[in-house]
2 protein chains.
Amino acid sequence: MADPVSGGERISDAEHAVMEVLWHRAPLTANEVASAVAEGRGWSLATVKTLLSRLVAKQAVMTQPDGKRFLYSPALARTDYLGGESKRLVERLFGGRAAPLFAQLAEAEALSEADIAEIEALLKTLRREAGR
Amino acid sequence: MADPVSGGERISDAEHAVMEVLWHRAPLTANEVASAVAEGRGWSLATVKTLLSRLVAKQAVMTQPDGKRFLYSPALARTDYLGGESKRLVERLFGGRAAPLFAQLAEAEALSEADIAEIEALLKTLRREAGR
DNA sequence: CGTAGTCGATTACATCTGTAGACGATAGGT
DNA sequence: ACCTATCGTCTACAGATGTAATCGACTACG
């Protein structure tokens with residue numbers, strides 16, 4: 001069976017930008033989404049509508065009627081999406097091991113002081129959980 | 001001018017599989033690459049040749065003549081590629097912060113014991129370097 | 001009641017990607 | 001000097017993606 005909700009269809013880069021808007025605030029009309037996403041990207045309203053349609057088709061966004069128009073909301077949790085994408089990358093590039101990813105980021109100087117501190121804290125928590 | 005080597009053109013998923021072969025062993029003929037990559041993927045020789053051509057066009061692979069044929073070698077370091085891709089993901093999905101990525105992987109249970117240990121060790125090293 | 005604006009839906013089209021067949025040069029065997 | 005196997009190159013084509021115009025339905029103003 002095709003999975004009902006989470007990792008169904010692939011969400012593209014442009015679509016992701018739209019999701020990001022909806023994760024930030026929802027429900028929104030197509031116009032609101034367009035305005036929000038327009039900052040930075042120079043997309044026309046038509047483009048945003050297309051992206052919304054595709055997302056609805058992929059069941060990543062759900063609609064609810066509001067008079068003559070729709071209100072759009074995410075049907076996919078941001079956490080699920082991020083988790084899936086992260087896992088995909090680790091799978092594809094690092095044979096499923098997260099440690100090399102980390103080493104890579106370190107080498108590419110993509111780790112800030114704050115990152116390191118946070119990760120450290122996270123590790124501590126993880127070890128506590130694993131321990132008990 | 002188009003940048004000379006590193007982060008130039010985007011390398012696709014299928015192309016990446018070919019790069020992986022060349023990173024493992026090079027230089028290789030198209031046939032050798034095809035055999036190597038064929039395990040798992042069911043690609044025809046023609047397909048692999050196309051991918052090699054595209055990689056050459058993208059300057060991710062370099063050729064050296066060997067009689068009537070070519071020997072292919074990576075022109076892009078694996079490290080650079082991995083670093084670039086990792087950074088792209090972190091940028092795109094986590095606003096450039098690596099820590100949330102880790103939180104995400106942890107949540108998705110994509111962190112093994114070994115991963116955690118390795119990351120811990122790496123952190124120690126990093127802090128030492130940063131300290132001095 | 002008609003007309004203009006607004007929506008979502010449909011259609012469009014270039015580029016990229018995955019996948020592969022066809023073609024032309026050529027080297028090696030006979 | 002041929003024929004054939006082998007290369008790399010060119011061409012092909014379907015599906016995904018980025019980007020947008022157009023269309024048909026409906027609403028609201030006048």
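Both backbone and side-chain heavy atoms feed into the values below; hydrogens, waters and symmetry mates do not. These numbers were taken from a predicted model, which means no experiment stands behind them. Proteins come first, then strands; the chains are lettered A, B, ... in the order of their sequence lines, and each starts at number 1.
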J.: Could you give the CG-to-P distance, from Leu51(B) to dT9(D), as a whole number of Å?
T.: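 About 14 Å, once rounded to whole Å.
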J.: Not counting sequence neighbours, which residues clear side-chain contact (heavy atoms from CB on, under 4.5 Å) with Ala110(B)? List them please.
T.: Lys87(A), Leu105(B)
J.: Is there a donor-acceptor contact under 3.5 Å linking the side chains of His24(B) and Glu20(B)?
T.: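 Absent: no donor and acceptor within the cut-off.
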J.: Between Tyr72(B) and Leu55(B), is there a side-chain heavy-atom distance shorter than 4.5 Å?
T.: no
J.: Find out whether Pro74(A) and Tyr81(A) are in side-chain contact, i.e. whether some heavy atom of one side chain is under 4.5 Å from a heavy atom of the other.
T.: no
J.: Go through dG8(D), dC10(D), dA20(D) for me and flag the one nearest to the Arg69(B) side chain.
T.: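 From the listed options, dG8(D) comes nearest.
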J.: Residues of residues 82-90 of chain A with any non-hydrogen atom less than 4.0 angstrom from an atom of DNA chain C: list those, numerically ordered, please.
T.: none
J.: OP1 or OP2 of dT6(D) less than 4.0 angstrom from a side-chain nitrogen or oxygen of Asn31(B), does that happen here?
T.: no
J.: For the pair Lys58(B) and Glu15(B), find out whether any cationic side-chain nitrogen is under 4.0 Å from an anionic carboxylate oxygen.
T.: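 Here Lys58(B) pairs with Glu15(B) in a salt bridge, since their nearest N and O are under 4.0 Å apart.
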J.: List for me each residue that meets ring pair (Phe, Tyr, Trp, His ring centres under 6.0 Å) alongside Phe102(B), sequence neighbours excluded, and say none if there are none.
T.: Phe102(A)
J.: Counting heavy atoms from C-beta on, name the nucleotide in dG8(D), dT17(D), dA20(D) closest to the side chain of Arg10(A).
T.: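 For Arg10(A), the side-chain atoms sit closest to dT17(D).
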J.: Measure from CG on Asp66(B) to C1' on dC7(D) and round the result to the nearest Å.
T.: 12 Å
J.: Is there a side-chain contact between His16(A) and Asp13(A) in this structure, where contact means two heavy atoms from C-beta onward sitting under 4.5 Å apart?
T.: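 Side chain of His16(A) against side chain of Asp13(A), heavy atoms only: no contact under 4.5 Å found.
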J.: When you compare the side chain of Leu22(B) with that of Leu52(B), does any pair of heavy atoms fall below 4.5 Å?
T.: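 Result yes, sub-4.5 Å side-chain heavy-atom pair found.
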J.: Find which nucleotide of DNA chain C each of Leu71(A) and Asp13(B) is nearest to by heavy atoms, and output the residue with the more 5' nucleotide.
T.: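 Per heavy-atom nearest nucleotide, the more 5' residue is Leu71(A).
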J.: Tell me, please, the opening and closing nucleotides of DNA chain C, 5' to 3', among those with an atom under 4.0 angstrom from a non-hydrogen atom of chain A.
T.: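 The protein-touched segment is dG5(C) to dA12(C).
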J.: Write down the distance between CG (Leu52(A)) and P (dG18(D)), rounded to a whole number of angstrom.
T.: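 For the pair Leu52(A) CG and dG18(D) P, the rounded distance is 14 Å.
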J.: Within this structure, what is the CH2-to-P distance between Trp43(A) and dT17(D), rounded to whole angstrom?
T.: 13 Å
J.: May I ask you to test the Glu85(A)-Leu89(A) pair for a side-chain heavy-atom distance under 4.5 Å?
T.: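 SC-SC contact between Glu85(A) and Leu89(A) ruled out.
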J.: If each of Glu15(A) and Thr29(B) is mapped to the nucleotide of DNA chain D with the nearest heavy atom, which maps nearer the 5' terminus, i.e. the 5' end?
T.: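 Nearer the 5' end of the strand: Thr29(B).
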J.: What string of B, S and - do you get for nucleotides 23-30 of chain D, 5' to 3', if B is base contact, S is sugar-phosphate-only contact and - is no contact with any protein heavy atom under 4.0 Å?
T.: ---BS---
J.: Spell out, as yes or no, whether a donor-acceptor pair under 3.5 Å connects the side chain of Trp23(A) to the backbone of Leu76(A).
T.: yes
J.: Within the structure provided, determine whether Thr29(B) and Leu71(B) are in side-chain contact (heavy-atom separation under 4.5 Å).
T.: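 Thr29(B) vs Leu71(B): side chains touch.
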J.: Would you mind reading off the distance between Lys49(B) atom NZ and dA12(D) atom P, rounded to a whole angstrom?
T.: 18 Å
J.: Can a side chain N or O of Ser44(A) be found less than 4.0 Å away from OP1 or OP2 on dT19(D)?
T.: no
J.: Whole Å only: how far is the NZ atom of Lys58(A) from the C1' atom of dG18(D)?
T.: 12 Å
J.: For Phe70(B) and dT6(D), give me the distance from atom CZ to atom P, rounded to whole Å.
T.: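 One finds 19 Å between P of dT6(D) and CZ of Phe70(B), rounded.
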J.: Going by the rule side-chain contact (heavy atoms from CB on, under 4.5 Å), which residues pair with Ala103(A) if we only count those two or more places apart in sequence or in a different chain?
T.: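 For Ala103(A), the residues satisfying side-chain contact (heavy atoms from CB on, under 4.5 Å) (neighbours in sequence not counted) are Leu122(B).
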J.: Base, sugar-phosphate, or nothing: which does Ser12(A) touch, judged by heavy atoms less than 4.0 Å apart?
T.: sugar-phosphate
